[in-house]
Amino acid sequence: MQCVWTTDEDYKAFCALLRGGELSEDAVQMALNQWVSLQADESVSLNIRNLQVQELQHRLSALDFLTPFLEEKGVSELMINGTTNLFIEKGSQRLSYPLSISEERINALIQRIVSSVNRVVNLKEPIVDARLKDGSRVHIVLKPIALNGPIITIRKFKKELNDISILEAKGCCDARMTKFLKGLVHSKKSIFVSGSTSSGKTTMLNCLCKEIDVVDRVITIEDSAELCLESVENLVSLETRTLKQQDLSQISMTELIRASLRMRPDRIIVGEIRGAEAHDMLQAMNTGHEGSMSTGHANSARDMLQRIETMALASGLTTTSAIRQQIASGIHYVIHLERQADGVRRIAELIRVCGCTGEEIVTETLYNASGGWVA
């Protein structure tokens with residue numbers, strides 16, 4: 001996966017040869033081979049020439065120099081820090097690869113990524129979330145906000161991890177937990193999945209969603225679409241519009257949750273609750289949309305309930321006691337995930353929300369990783 005091509009100037013010259021014509025894949029391959037033969041020193045081995053051809057193919061692809069890293073088996077995350085540093089996460093390891101890429105080339109790659117999902121990133125709006133065609137999550141920060149150059153962080157979407165049974169095989173949970181979680185979804189219990197960054201929240205949500213009855217009408221709401229609900233036939237996928245693109249208005253998570261209520265959903269799935277939209281989500285859970293699910297950042301299952309309360313209060317439309325009542329009646333279970341030192345994501349805690357006594361939310365711990373099942 002090392003860079004073996006010569007210079008950006010050579011690459012630009014080659015691209016100029018291709019402009020204006022519609023070349024087939026075979027024709028591009030022939031042109032690549034011819035170009036490398038003309039440019040390479042006669043002492044350069046055939047293996048190196050083949051690598052040069054491969055790199056040119058990558059440059060012509062939408063993802064450029066990231067292509068081989070994204071295609072490598074086992075890679076879960078890529079972190080590009082400016083023009084000279086690239087890190088990949090593979091299992092429990094974080095590996096470093098030196099880069100020598102021009103800022104112009106990285107910026108061109110960034111614009112291809114964001115434009116493919118109708119997003120904009122520039123000096124005025126230097127931070128953006130996007131996604132790749134395969135569902136991988138992309139986060140981008142430009143200079144001068146990022147002092148060391150354009151920053152790209154990619155969380156690869158693992159399509160194979162969309163079944164709770166597979167998570168069981170990977171050590172995330174035991175057989176009893178697998179059966180229990182499937183039962184929660186089938187019986188339309190409303191569930192929150194909590195955890196820290198990279199703890200597996202979205203993967204768990206995808207797995208839970210696979211257990212949804214095929215006849216249910218499901219509305220998914222996300223900042224950047226990541227959920228893959230292939231088993232749901234009656235599916236509506238909504239995505240926020242965070243930037244004012246081409247004089248178009250911003251569409252927030254709150255607006256999409258409110259809009260979803262007019263689409264006759266059986267379940268509403270919100271990718272992640274981050275702010276005042278928590279109030280609208282709680283209202284949805286309390287108005288006949290049982291079986292709804294979402295995720296959120298928290299340090300424990302109880303902490304997730306407190307964060308939901310804080311976020312809902314940010315809407316300014318209700319009181320603490322009213323929010324706690326809504327939480328107690330709308331949310332049935334919280335699954336908390338943790339990432340271990342060896343890279344394995346596991347269920348660390350499962351609690352049931354029992355109700356509200358006075359102003360206190362009453363919960364029952366059913367499982368924790370240190371002590372196992374309580375009953």
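Bear in mind the structure is a predicted one, so any value in this text is a computation, not a measurement. Throughout, residue positions are numbered sequentially from 1 according to the sequence presented. What's counted below: heavy atoms across the whole structure, side chains too, no hydrogens, waters or symmetry copies.
Val215 belongs to a hydrophobic cluster whose other members, connected by ILVMFWY side-chain contacts under 4.5 Å either directly or through intermediates, are Val214. Grouped by direct or indirect side-chain proximity (heavy atoms under 4.5 Å, Ile/Leu/Val/Met/Phe/Trp/Tyr only), Met79 sits with Phe87.
With a 4.5 Å cut-off on side-chain heavy atoms, Val193 and Leu208 count as touching. Leu132 has its side chain within reach of Val138: a pair of non-hydrogen atoms, C-beta onward, lies under 4.5 Å apart.
We find the CD1-CD1 distance between Ile251 and Ile221 to be 12.5 Å, quoted to the nearest 0.5 Å. The structure places NZ of Lys182 at 14.0 Å from OG of Ser187, a figure rounded to the nearest 0.5 Å. Note that CE of Met204 and CE of Met293 are 11.5 Å apart. Values are rounded to the nearest 0.5 Å.
Using a 4.0 Å cut-off between charged nitrogen and carboxylate oxygen, Glu290 and Lys188 do not count as a salt-bridge pair. Ion pairing between a basic and an acidic side chain is recognised when a charged N comes within 4.0 Å of a carboxylate O; Arg119 and Glu239 show such pairing. A salt bridge links Arg302 with Glu360: the distance from a Lys NZ or Arg NE/NH1/NH2 to an Asp or Glu carboxylate oxygen falls below 4.0 Å.
Of the possible polar contacts, none joining the Arg324 side chain to the Cys356 backbone as a donor-acceptor pair under 3.5 Å is found. Thr295 places no side-chain N or O within 3.5 Å of a backbone atom of Ser194 that could act as its donor or acceptor partner. A side-chain donor-acceptor contact under 3.5 Å links Lys156 to the backbone of Leu70. Although no hydrogens or angles enter the test, the distance criterion places a donor-acceptor pair under 3.5 Å between the side chain of Ser252 and the main chain of Glu255. Judged by distance alone, with hydrogens and angles left aside, the side-chain atoms of His336 form no donor-acceptor pair with the main-chain N or O of Glu349 at under 3.5 Å.
Judged as a salt bridge (charged side-chain N to carboxylate O under 4.0 Å, His left out), the pairs with a partner in residues 83-96 (not counting sequence neighbours) are, in order, Glu72-Lys90, Glu89-Arg94, Glu89-Arg339. For residues 312-323, no residue pair satisfies the salt bridge (charged side-chain N to carboxylate O under 4.0 Å, His left out) rule, not counting sequence neighbours. Here side chain to side chain donor-acceptor pair (under 3.5 Å) pairs that include residues 77-88, with residues two or more places apart or in two chains, are Glu77-Arg155. For residues 257-269, every residue pair satisfying the salt bridge (charged side-chain N to carboxylate O under 4.0 Å, His left out) rule, not counting sequence neighbours, is listed here: Asp216-Arg267, Arg258-Asp280, Arg264-Asp266.
For Tyr367 and Phe180, the ring centers sit 6.0 Å or farther from each other.
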